[in-house]
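So that we are looking at the same thing, I have put the structure below in structure tokens.
Every chain is numbered from 1 and lettered A, B, ... according to where its sequence line falls, protein lines coming before strand lines.
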Protein chains: 2
Amino acid sequence: MATIKDVARKAGVTVTTVSRVMNNRGYLSQETREKVRNAMEELHYKPNAIARSLFAKRSGIIGLILPSLRHPFFAELAGFIEHFAHIYSYKLLICDSNLDAVREKEFVDLLKSNQVDALIMGSHTLDVKEFAGLHYPIVTFDRIIEGLPYVYSDNYQGGIFAAQALLHAGCHHVAHICGNLQLDLLSNDRTKAFLQVMNDHGINPIVVQTETNVFDYAHYEEMIYPLLKMHADLDGIFATSDLLAAYVVRACYEMNIRVPQDIKVIGYDDVYLSELLVPQLTTIHQPVREMAEMAVRIAIHGEDEKFQQDNIFPVRLVHRATC
Amino acid sequence: MATIKDVARKAGVTVTTVSRVMNNRGYLSQETREKVRNAMEELHYKPNAIARSLFAKRSGIIGLILPSLRHPFFAELAGFIEHFAHIYSYKLLICDSNLDAVREKEFVDLLKSNQVDALIMGSHTLDVKEFAGLHYPIVTFDRIIEGLPYVYSDNYQGGIFAAQALLHAGCHHVAHICGNLQLDLLSNDRTKAFLQVMNDHGINPIVVQTETNVFDYAHYEEMIYPLLKMHADLDGIFATSDLLAAYVVRACYEMNIRVPQDIKVIGYDDVYLSELLVPQLTTIHQPVREMAEMAVRIAIHGEDEKFQQDNIFPVRLVHRATC
DNA sequence: TCTTGTATGTCAACCGGTTGACATACAAGA
DNA sequence: TCTTGTATGTCAACCGGTTGACATACAAGA
């Protein structure tokens, strides 16, 4: 590949002049600019971003660690983060931890080695103390880590909305399906709020959690079928993702339980999936797009400190056909 | 951040010795190794991957350009590619072209500047000649570009399977929904084969294409509702992605058309979505996992030339509930 | 005449690593 | 005694850019 030296030779100038043309510094005649530009084009020259990064001590790359790219919520989140990163002229290095703490730690180190300018953490299997040594800009999604800014939506309110919707629809025998509560996530507030409201109304929901380190969709089925079988009197289910809710809806269909006539179902996230299902899913909307933009902006301008640590976004109930 | 010089100073050796410890070259006593290791740990030292890349002329990064991260097929593909890249100790830089030729070109240049060791192209809005200047390892997904290796599944056979399934189910009035055929993709063979088989049986399907530069799901609805309304006699639809098929199934439900009793539906890809729908989607399975692995292996070992240019994978019909 | 702005060039240092050449020193085996 | 292997160190060059200091030269305006 052509280097700056090849360009300089071809254009009959020094590398300093070529560098000046590229960076628009110092005095340059139009003629020199053109000579250099022509040489660059003829050689298909692209400046080596690695060499530039080394000198500039910034790579223009944001790292993103997610628990799963296949999960529709995170796929959507990744899509938006990529979108905004590109708008702000940053590249994105995406890592899929698959909810594995070892891989997650590897990725954190890897991204540090690769001099990413900032890190957005959407996967949280690591202990908080693993982040003690690293002081570079990290934004956290849905989790509080001492001293780092975090972006999340109003999970507590989401739980309240879900509970109210089920109560309003007349449910009395309610189940709640959620991710593993041992992971120290802010989304656990959905569960907390939901149970609180239900308890206030004298209802004690059955709670089912996924296993800790699993994003395995077969496992979802192994949870849901027994739940429905053992509790024939259930008339309402709140699942903490649209994906989980979709599995619930399908299981109901396979078991000839009608949704919403026999069981009401509420999901969470409001990803494209919720509109796509039959029947369309009633769910709690998270403003993913806005959250993604905020995460990117904090990642980029984190040092300027004009951002708050606590970045909460409102949720809302989206009424569709399952509740 | 600590550099190799800081480590050398702390350990009381020269940078050469530190470098030797890290790369395990030359003679080193156990004692020296430990001194250096300790210094590295105390300083939380991580070697600067950028500096290494510059010297090594390889970055350990594979670039991946996709038309959409939100589309379930590409999300799944990206997930698997990330998985295998990590297994082979490569990082992944993902770019989402959003089916925009300008962005796609920008990304190709960007990845070249960033010295990615190889590029996997899954988005194809660019003209073939844009790739003329670049001679670095590129693997192509679902498209032939002169001189580059490509990975794809047997689209032609997939089209045949779909046609045969609909014919076998007794369909006579058939529609076909596909991506825009102007994009020069191998997946167009699905359409070609499908129409061929249908024509051989005296059936002339209605063909509906998405617009060129759009991955907009609202647009899907604008295509599908009129199709169903204007052709009340349709009894079979072949959609070239599970996502499209899901929109068809939902539209049928909303219009009180029963699937599969009134209309049979066949999708394509066999992503998790197809199992999730109600009713579960009959579809053509693409071995995404295997295709992803092949793409990564070619990307990495491309120069060794032990791989063929033409890498075709078999498809199969997966019988579920919609046909 | 002096100063300032414009237009280039040379040179060297730097970013943070890696590597080859060469030197020194010691122990052990042929 | 000579050779070889082990254990370190110094030095310089390199990867491909960027940047500051300094030099030269010319034109124009004060």
Rounded to whole angstroms, how far apart are CG on L43(A) and C1' on dG16(D)?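 That distance rounds to 15 Å.
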
Separation between CG of L183(B) and CG of L126(B), rounded to the nearest 0.5 Å: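 The distance works out to 10.5 Å.
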
Quickly work out the L28(A) CG to dG5(C) C1' distance and round it to whole Å.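 About 14 Å, once rounded to whole Å.
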
Any residue meeting side chain to side chain contact (heavy atoms under 4.5 Å, CB included) with E34(B), in chain and number order, not counting sequence neighbours: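 Q30(B).
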
Residues forming a side chain to side chain contact (heavy atoms under 4.5 Å, CB included) with D6(A), sequence neighbours excluded: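 Expected list: A2(A), T3(A), R9(A), L43(A).
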
Contact class for S53(B) (heavy atom, under 4.0 Å): base, sugar-phosphate, or nothing?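 No contact at all - S53(B) keeps every heavy atom at 4.0 Å or more from the nucleic acid.
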
Under 4.0 Å, counting only non-hydrogen atoms across every strand here, what does S19(A) touch: a base, just sugar-phosphate, or nothing?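 The answer is base, as S19(A) lies within the cut-off (heavy atoms under 4.0 Å) of a base atom.
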
Tell me if a side-chain donor or acceptor on T17(B) pairs with a main-chain N or O of V13(B) at a distance below 3.5 Å.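 A pair under 3.5 Å: no.
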
Taking atom C1' of dT8(D) as reference, at what distance in whole Å does atom CG of N24(B) sit?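 About 16 Å, once rounded to whole Å.
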
State which of dC14(C), dG16(C), dT18(C) makes the closest approach to the side chain of F55(A).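 Comparing dC14(C), dG16(C), dT18(C) against the side chain of F55(A), the answer is dC14(C).
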
Using a 4.0 Å heavy-atom cut-off, write out nucleotides 21-30 of chain D from 5' to 3' as B (base contacted by protein), S (sugar-phosphate only) or - (no contact). B---------

Any idea which of dT18(C), dC15(C), dG5(C) is nearest the K57(A) side chain?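 Given the options dT18(C), dC15(C), dG5(C), the side chain of K57(A) is closest to dC15(C).
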
Does A2(B) or R25(B) map to a spot on DNA chain C nearer the 5' end, using the closest nucleotide for each?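 First, find each residue's nearest nucleotide; the 5'-ward one identifies A2(B).
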
Partner residues of Y90(A) under the ring pair (Phe, Tyr, Trp, His ring centres under 6.0 Å) criterion, sequence neighbours left out: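 Result, ring pair (Phe, Tyr, Trp, His ring centres under 6.0 Å) vs Y90(A): none returned.
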
5'-most by nearest nucleotide on DNA chain D - A51(B) or V15(B):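 So the residue in question is V15(B).
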
Can you sort out the partners of Y152(B) under ring pair (Phe, Tyr, Trp, His ring centres under 6.0 Å), two or more places apart, ordered by chain and number?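 So Y152(B) forms a ring pair (Phe, Tyr, Trp, His ring centres under 6.0 Å) with Y150(B).
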
Check whether any side-chain N or O of T17(A) sits under 4.0 Å from OP1 or OP2 of dT8(C), and answer yes or no.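 No, outside the criterion.
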
For E106(A), which residues count as a side chain to side chain donor-acceptor pair (under 3.5 Å) partner, sequence neighbours excluded?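 Checked E106(A) against side chain to side chain donor-acceptor pair (under 3.5 Å); matches are H86(B).
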
Non-neighbouring partners of K57(B) that pass side chain to side chain contact (heavy atoms under 4.5 Å, CB included), sequence neighbours left out: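 In terms of side chain to side chain contact (heavy atoms under 4.5 Å, CB included), with neighbours along the sequence ignored, K57(B) is linked to no residue.
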
Minimum-distance nucleotide (side-chain atoms of R52(B) versus dG16(C), dG5(C), dT18(C)):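 Between dG16(C), dG5(C), dT18(C), the one nearest the side chain of R52(B) would be dT18(C).
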
F73(A): which residues meet the ring pair (Phe, Tyr, Trp, His ring centres under 6.0 Å) condition with it, sequence neighbours left out?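 So F73(A) forms no ring pair (Phe, Tyr, Trp, His ring centres under 6.0 Å) with any residue.
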
Just N and O in the side chain of S29(B): are any of them under 4.0 Å from OP1 or OP2 of dT8(D)?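 Answer yes for this pair, as a side-chain N or O of S29(B) is under 4.0 Å from OP1 or OP2.
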
Hey, is the side chain of Y27(A) poking within less than 4.0 Å of OP1 or OP2 on dA7(C), counting only N and O atoms?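 So the side-chain polar atoms of Y27(A) never come under 4.0 Å of the phosphate oxygens OP1 or OP2 of dA7(C).
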
What is the nucleic acid contact for V13(A), judged by heavy atoms within less than 4.0 Å: base, sugar-phosphate only, or nothing?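 Since only primed, P, OP1 and OP2 atoms lie under 4.0 Å of V13(A), the category is sugar-phosphate.
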
Interatomic distance where CD belongs to Q115(B) and P belongs to dG16(D) [whole Å]: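 In whole Å, dG16(D) P lies 8 Å from Q115(B) CD.
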
Give the rounded distance in Å between these two atoms: CD of E31(B) and P of dG9(D).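 After rounding, the reported distance stands at 11 Å.
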
Is a side-chain N or O of E104(B) found less than 3.5 angstrom from the main chain of T125(B), in a donor-acceptor match?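 Yes, the answer is positive, given that a donor and an acceptor are paired below the 3.5 Å cut-off.
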
Pull out every residue in residues 3-12 of chain A that has a heavy atom closer than 4.0 Å to any atom of DNA chain D, ordered by number, or say none.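 Nucleic-acid contacts, sorted: T3(A), I4(A).
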
What is the distance from CD of E34(B) to C1' of dT8(D), rounded to the nearest Å?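 Checked: the CD to C1' distance equals 17 Å.
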
Set of residues satisfying ring pair (Phe, Tyr, Trp, His ring centres under 6.0 Å) with respect to F80(B), sequence neighbours excluded: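 For F80(B), no residue satisfies ring pair (Phe, Tyr, Trp, His ring centres under 6.0 Å) once neighbours in sequence are set aside.
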
It should be established whether N48(A) places a side-chain nitrogen or oxygen under 4.0 Å from OP1 or OP2 of nucleotide dG17(D).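 False: N48(A) side-chain N/O out of range (4.0 Å or more) of dG17(D) OP1/OP2.
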
Would you please enumerate the stems DNA chain D participates in, each stem being three or more consecutive Watson-Crick or G-U wobble pairs with both distances under 3.5 Å?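 Only these stems qualify: C:1-30 with D:1-30.
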
Atom NZ of K46(A) to atom C1' of dG17(D): distance rounded to whole Å?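 Atom NZ in K46(A) sits about 16 Å away from atom C1' in dG17(D).
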
With sequence neighbours left out, what residues match R103(A) under salt bridge (charged side-chain N to carboxylate O under 4.0 Å, His left out)?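 For R103(A), the residues satisfying salt bridge (charged side-chain N to carboxylate O under 4.0 Å, His left out) (neighbours in sequence not counted) are E82(B).
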
Is it the case that R33(A) and N24(A) place a side-chain donor and acceptor less than 3.5 Å from each other?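 The criterion, which ignores hydrogens and geometry beyond distance, is satisfied for N24(A) and R33(A).
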
Taking CZ from R33(A) and C1' from dT6(C), how many angstroms apart are they, rounded to a whole number?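 Computing the R33(A):CZ to dT6(C):C1' distance gives 12 Å.
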
